Amino acid sequence: MVDLSELNDAQREAVETLQGPVLILAGAGSGKTRVLISRIAVLIDRGIIRPYQLLALTFTNKAAKELRERLHAMIGPVAEQVRAGTFHSTFARLLRRDIAALGYRDNFAIYDTDDSERVIKRILEDRKAPEERFSPGRIHSLISRAKNSAEAPEGFLRAMPGPVAKVAADICSEYQKRLKSNNALDFDDLLLAPKQLFDQFPKLLETYRDQFPYILVDEYQDTNRAQYELIKALAARDQNICVVGDDDQSIYGWRGADLRNILEFEKDFPNAKVVRLEQNYRSTPQILDLAWNVIRRNVDRKEKKLWTKKDDGDNATVISAMDENEEAWRIVEEIDRLAIHERRPYGHFAVLYRINAQSRALEDTLRRRGIPYELVGGVRFYERREIKDVLAYLRILDNPDDAVSLLRIINVPKRGIGESTVKQLSDYAAASGMSLREALKKVDDIQALKKAAKSRLAAFNALLTGLEEEAAAAKPSVITRQVIEKTGIRAAWEDEGSEEAHTRIDNILEFRFALEEMEENNPELTLRDFLQEVTLMTEVDEWQEDKGHVTLMTLHSAKGLEFPVVFVSGLEDGLLPLAGREDRSSDVEEERRLFYVGMTRAQDKLYLSFANRRRLFGEGGVQAPSPFLSDIPTELIDGDTLPRHSDISISLGEHARSRSASSGLGRRKPAGDSDHHYRVGDRIRHRDFGDGTVISKSGGADDLKIRVLFRNAGTKTLLVRVAPIKKLKS
DNA sequence: TATATAGTGTTTTTT
DNA sequence: ACACTATATA
């Protein structure tokens, strides 16, 4: 029997509702994971399902691992049979079996964001996109967004405003074509391809419905449309689907997470049982009260209010600093004070911020004080250049059609194969309809190549062929060793000899050791499995709780974690909420949720800090405190007084407003430029019309109009106050 | 083809 | 401020 006596009523209801669709609205700190594992345990214990019939989908490997481990602790080794995994790894595995029907081979490569952007970059180059240069990253994120929308991507993009979307629409079918000829899928395809399979082959869908009659989804508020469609397809027949989420913690909207999925779950599954978990086991009543006073301002949310049996704690403390250095100093001072007076280990503290750039002042201050800290985030291990180089060799061995990987390492380490040589090779490949790898085997036939180029390519070909032979028989770790040594990658870094080069060699070796360790745990590990795992892996596993160091991280990374003492820093208008750039709308409700997520990480003590002036992106802007702060009743906070908004405008005056309009921070809707200093002859840029020159002025003050001659859009009259324009430096 | 310089674009990032 | 990348130059 599974022991449910420690659960509260709502939790027990969530656990005991075993049939039909269930939506568990699990507030922050409400014991969500405990409910999940209890539910699985009951399902198995009562013989309703076999462990392997349950599919549990999470967003991170860490979450899947935690689920499996805690389940193991509760019900023993059968827990290992439960299919718990991330969306991407679960469906990647499915595709390895069944993707042939879509015209891919089972050795398909999985492209990460960087690989995808390389493909797009090449497309742009091939099209010789004229004057306007669009960043591959921008286009990729649009294409990704379109794919996640589960609509026809091209139509989706055509319907979007703005010139970048048009280009993205033009490019996306070519992008898809190239992925296919590389036998590669991007992250989004890992979700879309299964959906296509299910749509085209209903029998296959039935097989999977038989295999997984029970489905469970964690962090449901973060699912995008494509994920939602997949879940729906799988669950439609048996309706045994349990989703857990918190609409108040949805902070990935900018990546396509669709709040509708949770807000309209009851519409999609009409018989759904909704359970609210509102008892919080993490924070003091003061912290919950504060957080509630902020989040309740959101309109798009399901009504709920967290409560706790915990004893009263302290009010939150506001820290108002002159600039980011003073802010950091005051935070660190407070950490030190609590560490001494309350004997708190440094592991109790987390400092959270909106953007990674904010970490610098904090790091400097902590380092000067000699306080151990760990920075979470930044460049991921497997995305480092030297690691990706090694990976590219390994990938080309597993999937010879992977042109992105081949092009990446064709001259790494430097072997004298330059741009023009590569061009001739790829032209030949394109003309004769073969892959780059095949063309490389036929260098002798390529007339255009010079003798020297030919022999270098031939040498590279021989290198690859040697590795391929090795790869056919050897273990992944042995192949990797060969790659590191035989290609000269290691030797090249050693020749460079700099400190940085040493770090890179260390990373490469660490990479190899990690692989060897994986092999020890799983002697059957294939190169393909390894590559897949590495591509779909995150670094979160490496972050260790309570290791006696202060943790620094973004608000996004903090989701799902908890700390006794939390500092939410940088509470300034334009930073939190972060003002989007003029072409991208920022969603204030999502920013508010982000703040909410930050506050609800705190168990005992919460600090809210802001700087009146902050140097960011080279410019020092004067900022007003975050409007979110004025949502908080003053009786709930101690510490520095909060300037009222009227005080701010008096004390900072015009200066503040014009600064915030022209610096990156504080630029807010309406998109109009409040810096009205336009003169005839000034060059400006308009969001839709492009660049132009001011040819006359009329009206004044708030009514100022300018006539602008655009390079490509003729002459327009614009109301400066509202027009989406900005002044270009002359 | 490799290196110096100018130019640029800067959110968040589970996969 | 700073890091990354496209362009010019040897």
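Numbered from 1 within each chain, the chains take letters A, B, ... in sequence-line order. Nothing here was measured: the structure is a model prediction, and the numbers come from that model.
- Nearest to the side-chain atoms of Leu578(A) among the listed nucleotides dT11(B), dT13(B), dT10(B) stands dT11(B).
- For dT13(B), the OP1/OP2 oxygens have a side-chain nitrogen or oxygen of Thr554(A) closer than 4.0 Å.
- Of the candidate nucleotides dT11(B), dA6(C), dT13(B), dT11(B) has the atom nearest to the side chain of Ile355(A).
- Residue Arg93(A) places its CZ atom among 12 or fewer non-hydrogen atoms of other residues, nucleotides or ligands, all under 6.0 Å distant.
- Contacts of Phe87(A) with the nucleic acid, taken as non-hydrogen atoms under 4.0 Å apart, are absent.
- Look at CG on Asp112(A): it is 16 Å from P on dT13(B), rounded to the nearest Å.
- Screening Lys414(A), Arg408(A), Arg384(A) for a salt bridge (Lys or Arg N to Asp or Glu O under 4.0 Å) with Asp389(A), the sole residue that qualifies is Arg408(A).
- Between Asn356(A) and the phosphate of dT13(B), there is a side-chain N or O to OP1/OP2 separation shorter than 4.0 Å.
- Atom pair Leu124(A):CG and dA6(C):P shows a separation of 11 Å (rounding to whole Å applied).
- One can place CZ of Arg415(A) at 17 Å from C1' of dA2(B), the figure rounded to the nearest angstrom.
- Residues Phe511(A) and Phe530(A) place their aromatic rings such that the two centres sit under 6.0 Å apart.
- Atom pair Glu572(A):CD and dT11(B):P shows a separation of 16 Å (rounding to whole Å applied).
- A salt bridge does not link Asp115(A) to Arg118(A): none of the charged nitrogens lies less than 4.0 Å from a carboxylate oxygen.
- Note: NZ (Lys62(A)) to P (dT13(B)) measures 14 Å, nearest angstrom.
- For Arg360(A), the CZ atom counts as loosely surrounded, since its 6.0 Å shell holds 12 or fewer non-hydrogen atoms of other residues, nucleotides or ligands.
- Between Thr421(A) and His88(A), the one whose closest nucleotide on DNA chain B sits nearer the 5' end is Thr421(A).
- Nucleic acid contact class of Ser420(A) (heavy atoms, under 4.0 Å, all strands): sugar-phosphate only.
- When the nucleotides dT11(B), dA1(C), dT13(B) are ranked by their closest atom to the side chain of Arg615(A), dA1(C) comes out on top.
- Computed from coordinates, the Lys121(A) NZ to dT8(B) C1' distance equals 14 Å when rounded to whole Å.
- In this structure, of dT13(B), dA2(B), dT11(B), it is dA2(B) that holds the atom nearest to the side chain of Asn411(A).
- The side chain of Trp254(A) lies closest to dT13(B) when the candidates are dA6(C), dT13(B), dT10(B).
- Atom-to-atom, CZ of Arg138(A) to P of dG9(B) comes out at 9 Å; the value is rounded to the nearest Å.
- Proximity note for Tyr252(A) (side chain, C-beta onward) versus dT10(B), dT13(B), dA6(C): the nearest is dT13(B).
- Across all strands, Leu57(A) comes closer than 4.0 Å to no nucleic acid atom at all (heavy-atom distances).
- Within 4.0 Å (heavy atoms only), Glu419(A) reaches sugar-phosphate atoms of the nucleic acid but no base atom.
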Test side chain to side chain donor-acceptor pair (under 3.5 Å) on Gln221(A) and Glu219(A); report intermediate values, then the result.
CA-CA 5 Å; Gln221(A) 76 280 356; Glu219(A) 305 282 12; 2.8 Å; yes

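- Rounded to an integer number of Å, the gap from Tyr353(A) OH to dT13(B) C1' is 14 Å.
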